[in-house]
Amino acid sequence: MKMRNWLGIVLPAFFAILFFMYHFGKEPVKESIIFFPIDNQVYFTKANTSVRLSGSTPENYTLQWNVASETNQPVYLRQDISLLYGNGVLASTMNKWKQDTKIIEESKKVSGRNERLSQSVSFHYAEIHKNENTYRSAQDMSGQSMYIYQKGASFASFQKPQTQAERTAKTKLDVKTYSYLQKTWTGAKQFYNVTGANYYSVALADLPQYQKKPLPGFTQDQTNKIIGNLWEGLYKNYFLGVKKSNGQKVSPIGSSMPLIMFSKDKTHLMVLFKLKDGEFIQLIQYTR
């Protein structure tokens with residue numbers, strides 16, 4: 001009788017401890033973009049970014065911004081991040097992650113009041129756990145540009161101009177955007193004493209082209225590794241917040257589109273941009 005009483009106390013306690021260890025002993029999943037060697041068996045079957053005009057009045061308009069991606073099989077962690085720029089200035093961001101899935105879909109409505117060149121760029125990420133000690137990743141990029149201009153008593157939009165009015169609007173917005181960005185990037189290079197001729201330079205919105213073609217002087221495998229590490233750094237040091245020279249961390253909203261500079265000697269890359277308050281920021285990542 002005593003033995004039965006003893007077992008009635010000890011066994012439930014033992015199983016309670018096992019239950020606690022199983023449910024609470026595991027490290028929780030956290031959203032994170034970390035580059036691991038590319039997995040050759042996991043790949044993206046879909047990676048899309050779209051921006052469209054969904055509503056307009058004489059005073060303002062609404063953009064419908066969508067991001068969607070899918071891998072060929074479920075993975076440990078899926079995450080997509082996206083940035084939306086208006087005339088070269090960061091207007092909004094999106095970020096979504098899920099565990100044990102292959103599909104990510106996210107959407108957002110963004111309002112505006114002025115004519116703009118709207119540019120969105122997205123990074124699609126998958127973290128794969130082969131076993132407890134072997135991690136891999138898969139990645140893709142996508143983006144879209146769209147022009148919004150005043151047409152009569154409301155706003156209209158297009159991607160490629162079809163009329164003279166659209167061609168005029170495109171020229172106007174291109175000049176406005178790229179004049180601002182060139183002035184900003186030139187100022188940043190002068191501030192940090194950077195010689196532009198020593199680098200291949202790419203605006204962040206143009207980065208998705210290197211998903212399918214290599215960076216100058218690199219193989220596609222090397223390019224994939226550089227791009228993966230670059231986005232890991234952008235996520236931690238730009239997307240989630242920017243550390244100013246005084247140590248304060250601020251939102252990237254209102255900052256200029258970054259210029260990505262790849263050194264021709266293949267030793268490092270540099271990211272230059274300007275914060276909303278006018279402070280220039282330089283991020284450096286070594287590629288060797």
Side-chain angles (χ1 to χ4, degrees), residues 32-50 67-73 75 78-83 85 88 102 104 119-128 130 134-145 159-160 178 181-182 185 188-189 192 194-239 256-273 282-288:
S32 180
I33 291 177
I34 302 173
F35 177 78
F36 296 108
I38 297 294
D39 191 308
N40 294 323
Q41 297 178 324
V42 178
Y43 54 88
F44 281 85
T45 58
K46 179 173 74 173
N48 295 324
T49 299
S50 67
V67 175
S69 65
E70 183 174 351
T71 50
N72 64 318
Q73 59 184 267
V75 298
R78 279 292 339 277
Q79 185 171 359
D80 282 0
I81 63 172
S82 189
L83 305 102
Y85 294 86
K102 61 181 183 177
I104 291 284
Q119 296 171 286
S120 181
V121 59
S122 305
F123 184 66
H124 312 279
Y125 173 78
E127 181 178 320
I128 303 110
K130 301 299 231 182
T134 305
Y135 299 166
R136 294 290 183 265
S137 60
Q139 62 192 39
D140 207 334
M141 294 181 286
S142 65
Q144 188 184 57
S145 296
Q159 285 184 270
K160 294 182 179 181
Y178 294 112
L181 287 176
Q182 287 298 332
W185 295 335
K189 284 184 277 189
Y192 289 107
V194 175
T195 302
N198 295 334
Y199 297 83
Y200 298 107
S201 298
V202 181
L204 181 62
D206 296 328
L207 203 59
Q209 66 182 299
Y210 293 105
Q211 182 65 33
K212 303 298 182 183
K213 73 174 184 178
L215 291 162
F218 292 96
T219 65
Q220 189 63 57
D221 285 344
Q222 291 171 330
T223 296
N224 294 341
K225 181 179 179 180
I226 291 169
I227 295 296
N229 281 312
L230 167 62
W231 276 105
E232 178 182 341
L234 287 173
Y235 179 66
K236 294 176 181 176
N237 301 297
Y238 177 66
F239 189 92
S256 68
M257 181 184 296
L259 180 67
I260 317 299
M261 304 180 69
F262 302 92
S263 67
K264 293 182 179 179
D265 63 7
K266 302 183 181 182
T267 60
H268 67 283
L269 64 82
M270 185 183 304
V271 179
L272 296 176
F273 59 95
Q282 179 192 55
L283 305 175
I284 297 176
Q285 191 172 77
Y286 293 95
T287 54
R288 282 184 180 174

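None of these values were measured; they are calculated from a predicted model.
At least one donor-acceptor pair under 3.5 Å links the side chain of Gln285 to the backbone N or O of Asn229.
Note that the CD1 atom of Ile81 and the CG atom of Leu83 stand 6.0 Å from one another [nearest 0.5 Å]. Rounded to the nearest 0.5 Å, atoms OG (Ser201) and CG (Asp206) are 11.5 Å apart. Separation of atoms OG1 (Thr49) and CD (Gln144) is listed at 8.0 Å; rounding is to 0.5 Å. In this structure, the separation between CD on Glu127 and OG on Ser32 is 7.0 Å, given to the nearest 0.5 Å.
For NZ of Lys46, the number of neighbouring non-hydrogen atoms (other residues, nucleotides, ligands) closer than 6.0 Å is greater than 12. For CZ of Phe36, the number of neighbouring non-hydrogen atoms (other residues, nucleotides, ligands) closer than 6.0 Å is greater than 12.
Under the 4.5 Å side-chain criterion, counting only non-hydrogen atoms from C-beta, Lys130 is in contact with Asp39. The shortest distance between side-chain heavy atoms of Phe123 and Leu234 does not fall below 4.5 Å. Side-chain atoms of Lys189 and Met261, non-hydrogen and from C-beta on, do get closer than 4.5 Å to each other. By the 4.5 Å heavy-atom criterion applied to side chains, Lys264 and Asn198 are not counted as neighbours. In this structure, Met141 and Trp231 have side chains that are in contact, with non-hydrogen atoms separated by less than 4.5 Å. With a 4.5 Å cut-off on side-chain heavy atoms, Leu215 and Tyr200 do not count as touching. For the pair Asp80/Arg78, a side-chain contact is recorded, criterion being any heavy-atom separation below 4.5 Å from C-beta on.
Smallest separation of non-hydrogen atoms from Ile128 and Val75: CG1-CG1, 3.8 Å. Here the shortest heavy-atom pairing between Gln73 and Val42 reads CD-CG2, 3.9 Å. Residue Thr223 comes nearest to Pro214 through the heavy atom pair OG1-CA, 3.3 Å, listed as atom of the first residue, atom of the second, then distance. Shown here for Phe35 and Ser137, the closest heavy-atom pair between the two residues is CD1-OG, 4.1 Å. What you find for His124 and Ala47 is that their closest heavy atoms are CD2-CB, 3.6 Å. Shortest non-hydrogen contact noted between Gly88 and Leu181 is O-CD2, 3.7 Å.
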Legend entry - Criterion side-chain contact (heavy atoms from CB on, under 4.5 Å) on Tyr238 and Phe273, from CA distance to verdict: CA-CA 10 Å; Tyr238 177 66; Phe273 59 95; 3.5 Å; yes
Inset, instruction - Step by step, work out the side-chain contact (heavy atoms from CB on, under 4.5 Å) result for Tyr135 and Ile34. - result: CA-CA 10 Å; Tyr135 299 166; Ile34 302 173; over 6 Å; no
Inset, instruction - Test Val271 against Leu230 for side-chain contact (heavy atoms from CB on, under 4.5 Å), laying out the working first. - result: CA-CA 9 Å; Val271 179; Leu230 167 62; 4.0 Å; yes
Inset, instruction - Take Tyr235 and Gln79 through the test side-chain contact (heavy atoms from CB on, under 4.5 Å) and record every step on the way to the result. - result: CA-CA 11 Å; Tyr235 179 66; Gln79 185 171 359; 3.1 Å; yes
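A cation-pi arrangement, defined by a distance under 6.0 Å to the six-membered ring centre and an angle within 45 degrees of its axis, is present between Lys213 and Tyr210.
Taking the salt bridge (Lys or Arg N to Asp or Glu O under 4.0 Å) definition, one finds that Lys266 meets it with nothing, sequence neighbours left out.
Using a 3.5 Å distance cut-off with no hydrogens or angles, the side chains of Asp265 and Thr267 do pair a donor with an acceptor.
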